[in-house]
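One structure below.
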Amino acid sequence: MIDLKNLTIEKAHAALQKGEYTCRELSEAYLAVIKEKNKELNAYLEVYDDVLDQAKVADEKFKSGNATTLTGIPFAIKDNILFKGHIASAGSKILENYTASYDAFVIRKLKAVGAVILGRTNMDEFALGGSTENSAYGVTKNPHDTQRVSGGTSGGSAAGVASNLALGALGSDTGGSVRQPSAFCGVVGLKPTYGKVSRSGLMASTSSFDVIGPIAKTVEDAEIIFDAINGQDVLDSTSIPENLELRKYNLKPKIIGVPYDLINQEGIDPKVKDNFEKVVKNLENLGYEIKNIKLINCIALYYIINFAEVSTNLARFDGLRYGMHKDGKNLLEDYLLSKGLGFGKETRRRILLGTYVLSAGYYDAYYGKAQKARVALKKDFVKIFSEVDLILTPTSPIPPWKIGEKSDPLSVYLADLFTVIANIVGVPAISIPSGFIEEKGVKLPLGIQFMASHGREDLLFEIGKKFEEIAPKALSKPYLGL
Amino acid sequence: MDIKDVENLAALARIELTEGEKKDLLSDMDSILGYVKQIENMKVENTESEYKVYNVWREDTVEVREFSKELITGQFSEAQDRFLKVKKIL
């Protein structure tokens with residue numbers, strides 16, 4: 001029996017290297033847990049039928065001496081990432097039978113090193129939501145309390161890693177979709193700098209915010225995955241050139257900015273605040289200087305741009321070239337029926353809201369204004385990061401909620417308070433488990449978020465590893481599978 | 001906003017809605033637009049962007065890319081002679 005609960009990527013790699021078990025045996029161990037737990041959790045929408053073939057390729061890499069750290073490591077990928085010859089549905093009915101015709105950049109990277117991709121994970125339809133409750137294929141339950149949501153939109157990936165259904169996972173983050181479910185499930189989630197990971201083969205949600213990021217059990221695992229998937233790509237013109245000069249001043253972060261105004265505003269759960277204050281104390285004890293900074297509430301700004309880009313991006317689903325097709329009397333009716341039946345409630349809502357904010361007469365007041373505010377915020381951030389090395393907030397203002405509890409869409413949007421900021425300005429951010437709170441006798445995980453300036457993922461990994469060392473002592477025992 | 005506005009937006013977005021869906025959407029959109037309207041009060045001085053512009057286009061030469069023609073055309077809702085077939089527009 002392989003001890004999956006305490007397994008990390010480094011440990012698995014060492015064991016594979018030593019021949020304690022094969023890639024095939026490791027994959028089989030995960031497939032067995034999936035068989036046991038996935039029915040209840042609904043983390044995977046599909047487990048691929050070629051897993052053992054992939055494991056065979058990985059085992060051959062070990063035999064021929066071509067194995068690297070990720071060779072044979074079992075991965076889960078979010079359902080909006082294209083893997084050639086496999087279905088990718090983005091959690092939507094409209095793509096129920098869509099088969100990817102090429103590999104996403106990140107899949108090419110994973111294939112090249114011989115990682116094993118176990119299956120595709122549940123998500124809010126087209127990455128719109130915050131709980132996976134908007135998936136056309138049912139909610140993903142939180143492994144810590146199956147009455148509650150796993151967070152979203154990469155809820156399946158986060159729940160999967162938390163409950164040993166995969167050793168690592170890929171999600172996508174548009175406004176917190178990697179970080180928030182990671183916090184809700186008690187694992188580590190990284191949103192890289194915008195453009196650091198190619199979006200080629202990632203179904204577009206909000207193109208100017210979207211980025212693919214790793215979900216893992218430890219900061220080190222997240223770093224290993226990030227190192228393997230980042231890089232410039234000719235198929236994504238917004239991907240960052242490797243030789244781009246990024247500001248590399250402090251090698252070791254010392255000053256941490258905390259936006260107290262934002263954290264002390266209404267709607268932040270007192271238990272979340274309490275946990276956060278303990279985190280701040282612990283960091284002070286480690287010798288970091290805490291500095292009060294000003295950040296504005298960016299929810300309105302974020303959602304206006306989100307609605308606009310989502311409505312534009314989803315126009316391509318016409319029911320003709322791929323995906324669901326409903327036959328009408330004429331071409332217009334084909335569109336109306338296919339989109340009307342294929343798109344879920346939240347998706348339709350955002351398409352209409354985007355159509356509204358982009359329509360003549362409202363464009364300047366909403367979208368135009370939001371774009372200006374975005375430029376202003378980016379400038380603020382240059383200033384903030386000349387004064388602090390990192391920014392610290394809770395990942396989510398509230399703990400994971402009960403399935404079905406939030407029927408008002410706006411209340412779900414407001415839970416993105418701390419995460420959307422990094423997407424608007426394009427900086428990297430990481431969510432790390434910060435302990436547990438007790439909610440009616442059940443222990444629920446919480447997460448904290450660090451942001452760094454563009455291209456400074458290294459600072460996030462550095463503080464993340466330090467924080468992990470103190471977290472078990474000072475707080476509750478974090479992560480490492482259930 | 002009223003039901004007519006929702007119908008107009010749905011027509012622009014090519015989405016068929018039932019009467020019940022229109023009503024639900026109207027109330028959701030009223031509350032969401034009411035919230036995002038606060039963008040009006042955001043201060044936005046100093047919005048000159050300081051981007052350095054550089055060319056991201058590649059040379060206009062043919063490059064072989066790995067795409068599966070069969071996988072692409074196999075997913076057409078209707079096909080004729082390897083072309084996507086749609087209903088006549090006019």
Non-hydrogen atoms of chain A under 4.5 Å away: do they reach the side chain of [X], the backbone, both or neither?
| X | result |
| --- | --- |
| B/I39 | both |
| B/N8 | neither |
| B/E21 | side chain |
| B/K69 | neither |

Inset, instruction - Begin with the C-alpha distance, continue with both residues' side-chain angles, and end with the deciding distance and a verdict on side-chain contact (heavy atoms from CB on, under 4.5 Å) for A/I296 and B/M42. - result: CA-CA 9 Å; A/I296 47 163; B/M42 254 178 139; 3.0 Å; yes

Atom of [X], atom of [Y] and distance for their closest heavy-atom approach:
| X | Y | result |
| --- | --- | --- |
| B/Q75 | A/T99 | NE2-O, 2.6 Å |
| B/A13 | A/I351 | CB-CG2, 3.6 Å |
| A/A373 | B/V44 | CA-CG1, 3.3 Å |

Legend entry - Test applied, salt bridge (charged side-chain N to carboxylate O under 4.0 Å, His left out); reference residue, A/D334; option that passes from B/K85, B/K88, B/K87: B/K87

Inset, instruction - Could you check A/V234 against B/R58 for side-chain contact (heavy atoms from CB on, under 4.5 Å), going step by step and ending with a plain yes or no? - result: CA-CA 8 Å; A/V234 286; B/R58 64 175 173 83; 5.7 Å; no

Inset, instruction - Mind running side-chain contact (heavy atoms from CB on, under 4.5 Å) on A/Y102 and B/L71 for me, showing each step along the way? - result: CA-CA 9 Å; A/Y102 63 97; B/L71 268 176; over 6 Å; no

Inset, instruction - Please confirm whether the backbone N or O of B/E16 pairs with a side-chain atom of A/K339, one donor and one acceptor, at under 3.5 Å? - result: no

Inset, instruction - Check whether any side-chain N or O of B/Q38 sits under 3.5 Å from a backbone N or O of A/A300 as a donor-acceptor pair, and report yes or no. - result: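 Pair absent, no side-chain N/O of B/Q38 close to backbone of A/A300.
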
Heavy-atom proximity to chain B below 4.5 Å, by part of [X]:
| X | answer |
| --- | --- |
| A/L332 | side chain |
| A/L341 | neither |
| A/K329 | backbone |
| A/Y98 | both |

Top contributor to chain B contacts, counting heavy-atom pairs under 4.5 Å, from [options]:
| options | value |
| --- | --- |
| A/N97, A/D103, A/D327, A/L337 | A/D327 |
| A/I299, A/T238, A/L336, A/N297 | A/L336 |
| A/G342, A/C298, A/G328 | A/G328 |

Inset, instruction - Specify which of B/L25, B/L9, B/T18, B/V56 makes the most heavy-atom pairs with chain A at under 4.5 Å. - result: B/L9

Inset, instruction - Between chain A and each of B/R65, B/R14, B/E40, B/E70, count heavy-atom pairs under 4.5 Å; write down the option with the most. - result: B/R14

Inset, instruction - State, yes or no, whether a side-chain contact exists between A/F307 and B/I32 at a heavy-atom distance under 4.5 Å. - result: yes

Inset, instruction - Return yes when atom NZ of A/K326 has more than 12 non-hydrogen atoms of other residues, nucleotides or ligands closer than 6.0 Å, and no otherwise. - result: no

Inset, instruction - Please test A/L320 against B/F76 for side-chain contact (heavy atoms from CB on, under 4.5 Å), starting from the C-alpha separation and ending with a verdict. - result: CA-CA 6 Å; A/L320 298 174; B/F76 290 167; over 6 Å; no

Legend entry - Sidechain N-carboxylate O distance under 4.0 Å for B/D24, A/R349: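 Salt bridge: no.
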
